[in-house]
Amino acid sequence: MRAAVVVFPGSNCDHDTYYVLRDLLEIETDLLWYRETNLDRYDLIVLPGGFSYGDYLRAGAIARFAPVVQALPEYIAKQRGIVLGICNGFQILTEAGLLPGALTKNLTRSLSVNGEGQGEVGTGEVRFICKTVKLRVENNATPLTQLFEYGQIIELPIAHGEGRYLAPPETLESLKRNRQILLTYYGENPNGSMENIAAIMDETGTVFGMMPHPERNSEKIFGTGDGLKIFQALVRALYPSPLCSPLPRRGEGTGVRVKRQEL
Amino acid sequence: MKEFLVRVLIEPKPELLDPQGQAVERALVELGLRNLSGTRVGKLVKFKLKAISAGQARERVTEIAQKFLANPVIERFSVEVEEL
């Protein structure tokens, strides 16, 4: 298989993600300049974290018109592979309408509760949050989460100023109904996200967005190493080897449809 | 063609929480501005545009604002067009 990590002006987690895919998982991986539009050679496309276009206007608002993002709808429509947006990548995918909802400025309410922050205690603080959080696996029958147990608590770092997931009630309902909510913040909600949402997927089960950074916890020296399982899960979904068990299926005839490559 | 000054005012939807507005409001109160409520923080995008008419300028800007300048999930906007 071949993976691409897209490089926008202002991406800054591109090399970390590239390192995990290429060095830790030994996947053929390209750093893909944002002006590229030929995506057919890639089984996995990662939109990495960072501050594309300086987060001007809204995070992801300008990057969504970049040629590479404009080429994504066709890539997704023909179920060519998997698209994963991490942090700023998630913001770009929601701005592009490829994932539902929006990511808005953080609202921190935890300061007065756990006394952790240095800021003033108030009803809500707008701040950039950079720390490791606990997440609960809400659906483990997806290409992204298949290596976790249902209900498992994992740890990944977050680092964002605009990560408060927000969507109209009918969208939230359909996300819940279709089990598109994959990870939720556990214990405390760091940014005020609706339904504690940290990661979702689209209806096709091939487009994923997550605010936490799996690439920053992919080796034991950085913590639990839980992030590596996210990338391993994607690789397994795309490139099942005889040693791997089959991709788990979601119930009620809504199986995850991911194009698999032959060995 | 005439030239117009276009102002696009973008603000968070009224039914949504605006933490930025809340933070600014708290600071305003601390700085002594009393009897204050309902602070919302938005954006102003201003540019000059050549068009046949004010109506045409407004139509083009509205179309692109819906797609790009505002995010319809969280924001609403208004367009002002003034002939220069």
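Reminder, nothing fancy here: chain letters follow the sequence lines and each chain counts from 1.
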Under a 4.5 Å heavy-atom criterion, the part of residues 88-101 of chain A in contact with chain B comprises A/E95, A/G101
Considering heavy atoms only, which positions within residues 61-73 of chain B lie below 4.5 Å of chain A?
B/K67, B/F68, B/L69, B/A70, B/N71, B/V73
Flag yes if more than 12 heavy atoms outside A/Y186 fall under 6.0 Å of its OH atom; otherwise flag no.
no
With a strict 4.5 Å heavy-atom criterion, list every residue of residues 76-84 of chain B that contacts chain A, or say none.
none
Is it the backbone or the side chain of B/E75 that comes under 4.5 Å from a heavy atom of chain A, or both, or neither?
side chain
Taking every non-hydrogen atom, the tightest pair across A/R164 and B/L17
NH2-O, 3.7 Å
Just checking A/E74: does its CD atom have more than 12 heavy atoms from other residues, nucleotides or ligands closer to it than 6.0 angstrom?
no
Chain A-proximal positions within residues 2-13 of chain B [heavy-atom distance under 4.5 Å]
none
Any chance you could measure B/Q20, atom CD, to A/L107, atom CG, to the nearest 0.5 Å?
12.0 Å
Heavy-atom count around A/Y56 OH within 6.0 Å, excluding the residue itself: above 12?
no
A side-chain contact here means heavy atoms from C-beta on lying under 4.5 Å apart; do B/D18 and A/K105 qualify?
no
